[in-house]
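Read through the structure below, which is laid out as structure tokens, and then see the notes.
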Amino acid sequence: FYTLLCQSINVKPLFISVPYGLLYALLSVSESIGITLPVSRENLLGLKKQTYADTTQSLETIGIKLKSCKESLNNIIG
């Protein structure tokens, strides 16, 4: 998604790999001293537990057709 987004606005993506434990520790410290960040420990835990679920058959059953990620970005950005 982020690669497609950056391509659509002609920007080179910059991905920074941060170890999970380090990020969790930093978020723990920031939350304990009252610094509010746009990401919380709960967000991080949710990302860690996130799994893929194929909904193709269910969407077909109820008659919903999704656009691709690229199509959706093109509709938003133009």
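Since the structure is predicted, the reported quantities are computational estimates derived from the model, not experimental observations. Values reported hereafter were calculated over all heavy atoms of this structure, with side chains retained and with hydrogens, waters and symmetry mates removed.
Qualifying side-chain contact (heavy atoms from CB on, under 4.5 Å) partners for Thr3, counting only residues two or more places apart in sequence or in other chains: Gln7, Phe15. Every side-chain contact (heavy atoms from CB on, under 4.5 Å) that Pro19 has, sequence neighbours left out, goes to Leu22. Among residues two or more places apart in sequence or in another chain, the side-chain contact (heavy atoms from CB on, under 4.5 Å) test is passed with Glu42 by Ser40, Leu45.
Ile16 and Phe1 fall into different hydrophobic clusters, where Ile, Leu, Val, Met, Phe, Trp and Tyr side chains are chained together by heavy-atom contacts under 4.5 Å. At a threshold of 4.5 Å between side-chain heavy atoms, the hydrophobic network of Ile, Leu, Val, Met, Phe, Trp and Tyr places Leu14 and Leu4 in two separate groups. By the criterion of side-chain heavy atoms lying less than 4.5 angstrom apart, applied directly or through intervening Ile, Leu, Val, Met, Phe, Trp or Tyr residues, Tyr2 is not grouped with Leu23; the two fall into different hydrophobic clusters. Leu47 is not connected to Val18 by any chain of hydrophobic side-chain contacts under 4.5 Å among Ile, Leu, Val, Met, Phe, Trp and Tyr, and they are in different clusters.
Residue pairs satisfying the salt bridge (charged side-chain N to carboxylate O under 4.0 Å, His left out) criterion with at least one member in residues 1-26, sequence neighbours excluded, are absent. Annotation: salt bridge (charged side-chain N to carboxylate O under 4.0 Å, His left out) contacts involving residues 15-33, sequence neighbours excluded, comprise Glu31-Arg41.
Here the CG-CG distance, from Leu59 to Leu66, works out to 5.0 Å after rounding to the nearest 0.5 Å. Of the inter-residue distances, the one linking Thr56 atom OG1 with Ile64 atom CD1 reads 12.5 Å to the nearest 0.5 angstrom.
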Identify every side-chain donor-acceptor pair in residues 68-78 under 3.5 Å, counting partners at least two apart or on other chains, and give the distances.
residue: Ser68; atom: OG; partner: Glu71; partner atom: N; Å: 3.1
residue: Ser68; atom: OG; partner: Glu71; partner atom: OE1; Å: 3.3
residue: Glu71; atom: OE1; partner: Ser68; partner atom: N; Å: 2.9
residue: Ser72; atom: OG; partner: Ser68; partner atom: O; Å: 3.2
residue: Asn74; atom: ND2; partner: Lys70; partner atom: O; Å: 3.4

